[in-house]
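Okay, so here's the structure we're looking at.
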Amino acid sequence: MPLQEKMDTLRSRYAAAMKGGGQARIDKQHQGNKLTARERIAAFLDEGSFEEVDALAMNPFEGGERIPGDGVVTGFGRVDGRPVAIFAQDFTVVGGSLSLTHARKICKVMDMAMKVGCPVIGFNDSGGARIQEGVNSLAGYAEIFLRNTMASGVLPQISLIMGPCAGGAVYSPAITDFITMVRNTSYMFVTGPEVIKAVTHEDVTKEELGGASAHGFKSGVAHFLVPSDLAALAHTRELLSFLPSNNLGQAPRRASLMEMPLENPELDGIIPEDPSKPYDVRNLIKGIVDDAHFFEVMEAYAGNIVIGFSRMDGRSVGIIANQPAHLAGVLDIASSEKGARFVRFCDCFNIPLIVFEDVPGFLPGVHQEHGGLIKNGAKLLFAFCEATVPKLTVITRKAYGGAYIVMASKHIRADFNFAYPTAEIAVMGAEGAANVLYAKEISKAPNPAAKRNEIINEYNEKFANPYVAAGLGYVDEVIMPRETRKKLLRALNLLEGKRESMPPKKHGNIPL
Ligand code: HXC
């Protein structure tokens with residue numbers, strides 16, 4: 001073949017690959033308010049940084065679909081100048097379904113990501129296992145799941161759900177660190193509505209079963225809900241800005257845009273005078289962190305704990321805060337699990353933890369106990385105990401019982417524990433203590449109600465303050481709320497070179 005013809009063959013093969021499943025299917029994708037795989041990659045990566053691999057990969061199996069690229073676009077690019085590995089399933093090619101070739105393309109970029117230490121970002125938009133390929137497509141999924149597991153804690157892995165995600169296909173995203181779902185165009189479920197109808201006779205739509213709201217508000221599977229493909233891409237770029245490229249690195253440091261004073265007198269007025277009144281802990285967080293910016297994670301789920309990323313003097317930090325504005329900030333099954341996974345993520349990736357504590361305890365109730373409050377609460381305890389990144393705790397108000405211990409108390413290796421003058425640190429609240437310790441004394445008193453009040457006041461005076469704990473060194477310093485940023489910054493500076501490790505072991509056995 002003449003040289004020119006060889007060149008033309010190469011060009012025409014690439015041109016065919018760029019068309020995916022063809023214009024009609026691309027139009028259908030657009031009509032469904034979805035971008036194509038290539039459009040998503042182009043909008044996501046730094047301009048011109050995409051280097052594709054395996055654009056010409058094709059299914060080798062007899063009788064199988066033979067479209068260049070085989071339903072997934074893979075390669076490497078940059079986000080804010082830092083390298084990432086990327087795969088984007090192409091729904092226009094056999095519904096983005098996963099063949100062995102498709103799977104191996106994903107595995108190839110994951111393997112390279114492990115060698116060079118860069119995050120893996122997946123855009124999921126697929127009808128699941130390619131039915132015609134039988135066990136080969138299952139083998140392909142298995143190879144991906146194994147790599148997701150090996151990369152866990154080594155590379156940040158982020159899954160964007162931008163279309164259907166059914167069957168075993170949900171398990172790769174589930175193993176990754178963060179799942180972002182696009183409202184109205186994405187869904188995730190293990191078995192779909194038809195199977196559910198046949199097995200349990202329940203009627204449910206795809207959206208109700210596995211849409212963004214279902215997983216953002218109810219199951220807690222999704223970490224972020226966004227309105228469109230473009231919003232998902234911009235949001236993920238920002239998420240990456242808080243993360244290091246791998247477990248051996250640090251998140252990039254970014255100068256703040258706003259001048260944040262070291263002391264903020266407005267914070268002195270956030271905790272209400274009446275200890276039973278709620279307040280939104282986000283207002284406290286925003287008064288302390290750089291640019292008053294809090295990038296919240298799992299905002300729609302278990303609102304009694306608030307988690308997310310911020311920066312302190314340009315450094316990325318993970319924030320875990322009880323939320324008195326929701327269920328009084330109590331710890332329950334959902335909030336414990338939510339908090340635990342976030343603590344472990346930050347610990348994997350060298351992101352210091354800042355805890356704002358205002359927790360009346362664990363939620364009492366038969367439903368909670370029978371649902372496994374013990375093992376789920378223990379997850380949060382375990383996660384805080386094993387975390388070796390810098391851990392800073394600010395007790396703003398209530399720190400009662402086991403919840404006091406769990407929320408990064410001094411006893412479980414927190415580095416600096418601060419308390420506000422409004423802190424109440426005790427085994428239980430005054431009312432409960434009066435009932436347990438003084439029931440007889442109260443009932444025998446000539447005026448039981450007055451006696452009860454007297455005992456409660458005495459108890460509060462004696463125990464519901466930070467000074468007993470400060471006297472014992474369990475709290476390092478009682479501080480004014482206005483000083484919080486200054487105190488945390490100084491602690492973070494000191495802890496920059498912190499070295500702490502776990503005893504050698506294969507791995508711990510977190511109560512799952
Ligand atoms: C082969 C598939 C496919 C699949 C879709 N297509 N899914 N081809 N294997 N799994 C093809 C369709 O035949 C169609 O081809 C094209 O992709 C677009 O699909 P449509 O059905 O026209 O699109 P839409 O109406 O938007 O519906 C999308 C869908 C539906 C909801 C995803 O296609 C669907 O239900 N697919 C099957 C889902 C499924 O059961 N997957 C297996 C799950 S089990 P043409 O040529 O007509 O355009 C699984 C096991 C994994 O994944 C286990 C791992 C451990």
Side-chain angles (χ1 to χ4, degrees), residues 16 19-37 40 57-73 87-107 110 122-150 159-176 179 181-199 204-212 214-215 221 229:
K19 284 190 195 137
Q23 196 55 46
R25 286 193 173 92
I26 291 174
D27 292 344
K28 200 173 165 200
Q29 183 87 345
H30 289 157
Q31 281 152 17
N33 291 325
K34 289 159 70 181
L35 299 175
T36 64
R40 286 169 178 160
M58 245 195 273
N59 190 342
F61 297 107
E62 277 298 307
E65 300 279 350
R66 290 179 57 81
I67 299 177
D70 208 15
V72 65
V73 181
F87 68 87
Q89 292 179 314
D90 183 351
F91 194 81
T92 69
V93 177
V94 208
S97 59
L98 187 130
S99 65
L100 188 58
T101 305
H102 176 132
R104 288 195 169 151
K105 284 182 66 173
I106 296 175
C107 291
M110 292 182 79
F123 301 161
N124 294 268
D125 189 358
S126 161
R130 188 163 310 161
I131 297 162
Q132 303 88 313
E133 268 203 31
V135 70
N136 260 326
S137 65
L138 301 184
Y141 269 126
E143 290 192 19
I144 296 171
F145 301 160
L146 178 68
R147 281 165 177 79
N148 287 136
T149 307
M150 295 300 128
S159 301
L160 285 75
I161 313 297
M162 308 176 106
C165 197
V170 295
Y171 285 114
S172 169
I175 302 172
T176 64
I179 294 180
M181 290 187 76
V182 182
R183 285 182 185 275
N184 304 316
T185 52
S186 74
Y187 49 87
M188 301 175 77
F189 38 70
V190 178
T191 54
E194 294 81 19
V195 179
I196 288 184
K197 175 81 180 156
V199 176
V204 66
T205 64
K206 276 193 301 206
E207 186 59 32
E208 287 163 352
L209 182 66
H215 289 307
V221 165
D229 278 13

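Ligands are counted one by one from 1 in listed order, and the atoms in each one are counted from 1 as well. Residue numbers run from 1 in the order of the sequence given.
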Candidate pair Leu209 and Tyr187, rule side chain to side chain contact (heavy atoms under 4.5 Å, CB included), full reasoning: CA-CA 8 Å; Leu209 182 66; Tyr187 49 87; over 6 Å; no
Report the C-alpha separation of Gln31 and Asp27 in whole Å, then their side-chain angles, then the decisive distance to 0.1 Å, and conclude whether the side chain to side chain donor-acceptor pair (under 3.5 Å) test is met. CA-CA 6 Å; Gln31 281 152 17; Asp27 292 344; 5.6 Å; no
Checking side chain to side chain donor-acceptor pair (under 3.5 Å) for the pair Ser99/Asp70: CA distance, chi angles, key distance, verdict? CA-CA 8 Å; Ser99 65; Asp70 208 15; 2.4 Å; yes
Could you go through Arg147 and Ile144, starting from their C-alpha distance and side-chain angles, then the distance that decides it, and tell me whether this counts as side chain to side chain contact (heavy atoms under 4.5 Å, CB included)? CA-CA 5 Å; Arg147 281 165 177 79; Ile144 296 171; 5.8 Å; no
Show the numbers, then the answer: is there a side chain to side chain contact (heavy atoms under 4.5 Å, CB included) between His102 and Val93? CA-CA 11 Å; His102 176 132; Val93 177; over 6 Å; no
Verdict with reasoning, Glu143 to Ile106, per side chain to side chain contact (heavy atoms under 4.5 Å, CB included): CA-CA 9 Å; Glu143 290 192 19; Ile106 296 175; over 6 Å; no
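Applying the 4.0 Å criterion to heavy atoms of Phe145 picks out, from ligand 1, the atoms 55 (C). Close contacts between ligand 1 and Arg130 involve ligand atoms 1 (C), 9 (N) [criterion: under 4.0 Å to a heavy atom].
Checking side-chain atoms of Arg130 against main-chain N and O of Val94 turns up no donor-acceptor pair under 3.5 Å. Side-chain atoms of Gln29 come within 3.5 Å of backbone N or O of Leu35 as a donor-acceptor pair. Judged by distance alone, with hydrogens and angles left aside, the side-chain atoms of Ser186 form no donor-acceptor pair with the main-chain N or O of Met162 at under 3.5 Å. Formation of a donor-acceptor pair under 3.5 Å by the Lys206 side chain with backbone atoms of Gly192 is not found in this model.
Here the protein heavy atom with the shortest distance to atom 2 (C) of ligand 1 is Val94 O, 3.8 Å. With respect to atom 3 (C) of ligand 1, the closest heavy atom belonging to the protein is Ser97 CB, 3.9 Å. For atom 19 (O) of ligand 1, the closest non-hydrogen atom on the protein side is Phe91 CZ, 4.1 Å. When hydrogens are left out, the protein atom nearest atom 1 (C) of ligand 1 is Gln132 OE1, 3.2 Å; that is the closest non-hydrogen contact. Nearest to atom 25 (O) of ligand 1 among the protein's heavy atoms is Lys28 NZ, 4.6 Å.
Atom 23 (O) of ligand 1 lies below 4.0 Å from at least one non-hydrogen atom of the protein. Protein heavy atoms are absent from the space less than 4.0 angstrom from atom 35 (O) of ligand 1. When distances from atom 55 (C) of ligand 1 to the protein are checked, a heavy atom turns up under 4.0 Å. For atom 45 (P) of ligand 1, a protein non-hydrogen atom is found at a distance below 4.0 Å. Distance remark: protein heavy atom not present below 4.0 angstrom from atom 13 (O) of ligand 1. Within a 4.0 Å radius of atom 8 (N) of ligand 1, the protein has at least one heavy atom.
Under the 3.5 Å distance criterion, with hydrogens and angles disregarded, no donor-acceptor pair is assigned to the side chains of Asn33 and Thr185.
Contact annotation for Tyr171 and ligand 1: no heavy atom of the residue comes within less than 4.0 Å of the ligand. In Leu98, neither the side chain nor the backbone holds a heavy atom less than 4.0 Å from any atom of ligand 1. Contact annotation: for Tyr187 versus ligand 1, heavy atoms closer than 4.0 Å belong to the side chain alone.
Contact check on Asp125 versus Lys34 returns a salt bridge, with a Lys/Arg side-chain nitrogen under 4.0 Å from an Asp/Glu carboxylate oxygen.
Taking 4.5 Å as the limit, every side-chain heavy atom of Thr36 sits out of range of all side-chain heavy atoms of Phe91.
Considering backbone and side-chain N/O atoms, Pro164 never comes within less than 3.5 Å of an N/O atom of ligand 1. Taking any N or O of Arg25, backbone or side chain, at least one lies under 3.5 Å from an N or O belonging to ligand 1. Between Ala129 and ligand 1, at least one pair of N/O atoms sits closer than 3.5 Å.
Among Gly140, Gly167, Ala139, Cys165, the residue whose heavy atom sits closest to atom 43 (C) of ligand 1 is Gly167. The heavy atom nearest to atom 42 (C) of ligand 1, considering only Ala169, Gly127, Gly95, is found in Gly127. Closest to atom 53 (C) of ligand 1 by heavy atom, among Gly128, Ser172, Gly21, Gly168, is Gly168.
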